Protein chains: 2
Amino acid sequence: MSGGEALRVAVVQTAPRLGERAANLADMAARARAAAADLTVFPELATCGYAFGARDAVADLAERPGGSPGLDALQALAEELRGALVAGLPLAEGGRLYNAAALLRPGAEPVFYRKLHLFYREPELFDAGDAPPRVHEFRGLRLGLMICFDWIFPELARHLALAGADLIAQPANLVLTLCQDAMVTRAVENRVWTLTANRVGEERFPDGETLRFTGGSQVVDPCGRRVLALPVGEPAAGTADVDPAAARDKMVTARNHVLDDRRPALYRSLVAEDR
Amino acid sequence: MSGGEALRVAVVQTAPRLGERAANLADMAARARAAAADLTVFPELATCGYAFGARDAVADLAERPGGSPGLDALQALAEELRGALVAGLPLAEGGRLYNAAALLRPGAEPVFYRKLHLFYREPELFDAGDAPPRVHEFRGLRLGLMICFDWIFPELARHLALAGADLIAQPANLVLTLCQDAMVTRAVENRVWTLTANRVGEERFPDGETLRFTGGSQVVDPCGRRVLALPVGEPAAGTADVDPAAARDKMVTARNHVLDDRRPALYRSLVAEDR
């Protein structure tokens, strides 16, 4: 059990302003500097806001893997803080537009997770990702990403745990209020840390529909204890200490291993393509 | 959406006495008569208790598919009440001994689920089941069974939902306290009803190890609302009205179907036999 050292992690709960990338990035940087953590997680689409009425409007603010204003700023922030950052942002790549989460680490190229399960009106704006998320490493911590509505599909967190994740970082723009408790279950059933960085505030689509985001960002340990919970209604940030070793002990009892006790031969209906 | 009529369901929380099948069955029958429900769910190993020190001791009290004292009594009770019963019991079959749940319906043969994920010391006593659970019908309700520790494996509830279950009945002998909240997540992620009938009391294995069971039996609706919660420390029973149609509406939003939005081609790691 070589878990490495404990890391200080931060979840940052912001109220991004629609379309105002520079202001949003400045707010993110200020809060990350104040948190001074090894790993800082921001909400979904934290750079640009959520309630775009058309794909073109998001595309104008999309980041590009080779370099673009938001990514460059976040990479510089990761170098400055000598820490990792996870941030939700729109990603333009190969003629497609993704609702993505970027992982930025000092001295490394950014890597991305492209949201697999799009919520509500998101298919009007984004293409769904087409690959299961991978696990990345930072200072001995094995880190997986999911985004917001992915929470309702237990398959995704399970995939990340099977791929070796110690911690799942979840940028979110939640409008439902069921996710926070479900992420406790995701932690328990996989014995991993879960970090949810949700946003607050309200946004209005051009057609008038209004979304109110629910805050309540949190950190849950591999035994299901909520070790950090931010308030519901306002921007905030908080930190917690994360020990990777706690997520590598998969024993629920002295005789039950939460991954090895699975019966994969009996779960084949979960991967049937038609039903 | 032909969901059939609403059913009255009961969860019955007992304190079985180890080895005293006749007394346990009498207590179960009295509580089921008082509840007068369409479907009544009892705890795991409700007929016989839990803390057996050896396989032979359980085998003496095991029921047999062709007929045995406990099964015969429960079938007679189902006929008398004109309702379905789900009860945990030991099942001897084909030279094996299972921790099983029986579904008894008036005018029908009993059917069984054999626990797939054995907890803690249970492998000393039982063989693990070797088939995924099936969905059964009663008065328009499609019903799936799981037992206790199965809760920590999201694959099982998902399998039942994909097989068409409206409701998951879970006989339990819980000693951990994480399950009740996780069953809310199971309800939400599958949009099914979940019924947990847990036991109370304390039992001591012959080697002195003592287990305390945690009660808190419950009924959760497909939106994750706990519509019934029994006390933690004492025998009890409660009823709720279950509308199968509520579990057939799988839309989390106007555009998100909790089963159809899955990406099964990307979940293949969940069925890999080695990892």
Side-chain angles (χ1 to χ4, degrees), chain A residues 116-124 128-133 149 151-164 175-179 181-186 188-191 223-224 252-256 258-275, chain B residues 116-124 128-133 149 151-164 175-179 181-186 188-191 223-224 252-256 258-275:
Chain A
L116 292 185
H117 306 96
L118 297 179
F119 182 72
Y120 195 42
R121 299 175 64 153
E122 289 170 22
E124 298 170 9
D130 225 354
F149 188 55
W151 70 264
I152 209 170
F153 303 92
E155 293 90 346
L156 196 64
R158 185 64 109 198
H159 168 83
L160 286 169
L162 289 168
V175 293
L176 308 177
T177 54
L178 298 161
C179 169
D181 286 348
M183 289 306 289
V184 174
T185 300
R186 299 286 169 259
V188 165
E189 70 200 7
N190 293 297
R191 305 276 291 189
C223 295
V252 189
T253 72
R255 308 193 198 183
N256 290 104
V258 82
L259 298 181
D260 291 346
D261 282 6
R262 300 166 65 252
R263 307 287 305 275
L266 306 180
Y267 305 152
R268 301 204 63 83
S269 62
L270 274 67
V271 299
E273 301 263 353
D274 52 348
R275 55 175 205 89
Chain B
L116 293 185
H117 306 96
L118 297 179
F119 182 73
Y120 196 40
R121 300 174 63 153
E122 289 170 24
E124 297 171 10
D130 225 354
F149 188 55
W151 70 265
I152 209 170
F153 304 92
E155 293 89 347
L156 196 64
R158 185 63 109 198
H159 169 84
L160 286 169
L162 289 167
V175 292
L176 307 177
T177 55
L178 297 161
C179 168
D181 286 348
M183 289 306 288
V184 174
T185 300
R186 299 285 169 259
V188 166
E189 69 200 8
N190 293 298
R191 305 276 292 188
C223 295
V252 189
T253 72
R255 310 192 197 181
N256 289 104
V258 82
L259 298 181
D260 291 347
D261 282 7
R262 298 166 67 252
R263 307 288 305 277
L266 306 180
Y267 305 151
R268 300 204 65 82
S269 63
L270 274 67
V271 299
E273 300 264 355
D274 51 349
R275 56 175 206 91

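Computed from a predicted structure; not experimentally measured. What's counted below: heavy atoms across the whole structure, side chains too, no hydrogens, waters or symmetry copies. Lettering of chains follows the sequences in order, A, B, ..., and the numbering in each one begins at 1.
Proximity to chain B is limited to the backbone of Ala131(A), based on heavy atoms less than 4.5 angstrom apart. The contact between Leu118(A) and chain B is made entirely by backbone atoms, counting heavy-atom distances below 4.5 Å. Contact of Ala161(A) with chain B is not made at all, since no heavy-atom distance falls under 4.5 Å. For a residue to count as touching a neighbouring chain, one of its non-hydrogen atoms must lie under 4.5 Å from one of that chain's; by this rule Leu116(A) touches chain B with backbone and side chain alike. Contact annotation for Ala272(B): only backbone heavy atoms (N, CA, C, O) come within less than 4.5 Å of a heavy atom of chain A. For Asp130(A), the parts lying near chain B are the backbone and the side chain together; criterion is any non-hydrogen pair under 4.5 Å. Of the atoms belonging to Asp260(B), heavy atoms from both backbone and side chain fall under 4.5 Å from chain A. In this structure, chain B has a heavy atom under 4.5 Å from the side chain of Phe149(A), while its backbone stays farther away.
Of the charged side-chain nitrogens involved, at least one lies within less than 4.0 Å of a carboxylate oxygen, so that Glu124(A) and Arg255(B) count as a salt-bridged pair.
Within the model, atoms CZ of Phe153(B) and CG of Leu259(A) stand 8.5 Å from one another, a figure rounded to the nearest 0.5 Å.
The candidate from Pro154(B), Ala163(B), Ala157(B) with the greatest count of non-hydrogen atom pairs under 4.5 Å with chain A is Pro154(B). When the candidates Leu162(B), Val184(B), Val175(B) are compared by the number of heavy-atom contacts under 4.5 Å with chain A, Leu162(B) comes out ahead. Put simply, of Glu273(B), Arg158(B), Arg121(B), Arg268(B), the one with the most heavy-atom pairs under 4.5 Å next to chain A is Arg158(B). Among Ala182(A), Cys223(A), Ala128(A), the residue with the largest count of heavy-atom pairs under 4.5 Å with chain B is Ala182(A). Interface check for chain A: of the options Val188(B), Thr185(B), Asp261(B), the most heavy-atom pairs under 4.5 Å are formed by Thr185(B). Contacts with chain B were tallied for Trp151(A), Phe119(A), Tyr120(A); Tyr120(A) has the most, counting heavy-atom pairs under 4.5 Å. Taking chain B as the reference chain and counting heavy-atom pairs below 4.5 Å, the highest number among Gly224(A), Pro123(A), Ala254(A), Ala265(A) is found for Ala265(A).
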For a salt bridge (charged side-chain N to carboxylate O under 4.0 Å, His left out) check, start with the C-alpha distance between Glu155(A) and Arg263(B), then their side-chain angles and the critical distance, and finish with the verdict. CA-CA 9 Å; Glu155(A) 293 90 346; Arg263(B) 307 288 305 277; over 6 Å; no
Show your reasoning for whether side-chain contact (heavy atoms from CB on, under 4.5 Å) applies to Val252(B) and Leu176(A). CA-CA 10 Å; Val252(B) 189; Leu176(A) 308 177; 3.9 Å; yes
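With contacts defined as side-chain heavy-atom distances shorter than 4.5 Å, the pair Leu266(B)/Val271(A) does not qualify. Two residues are said to be in side-chain contact when any heavy atoms from C-beta on lie closer than 4.5 Å; Asn256(A) and His117(B) fail this criterion. The shortest side-chain heavy-atom distance between Glu189(B) and Arg186(A) falls under the 4.5 Å cut-off. In this structure, the side chains of Ile152(A) and Val258(B) come closer than 4.5 Å at one or more pairs of heavy atoms.
Looking only at distances, a side-chain donor or acceptor of Arg262(A) sits under 3.5 Å from a matching main-chain atom of Leu270(B).
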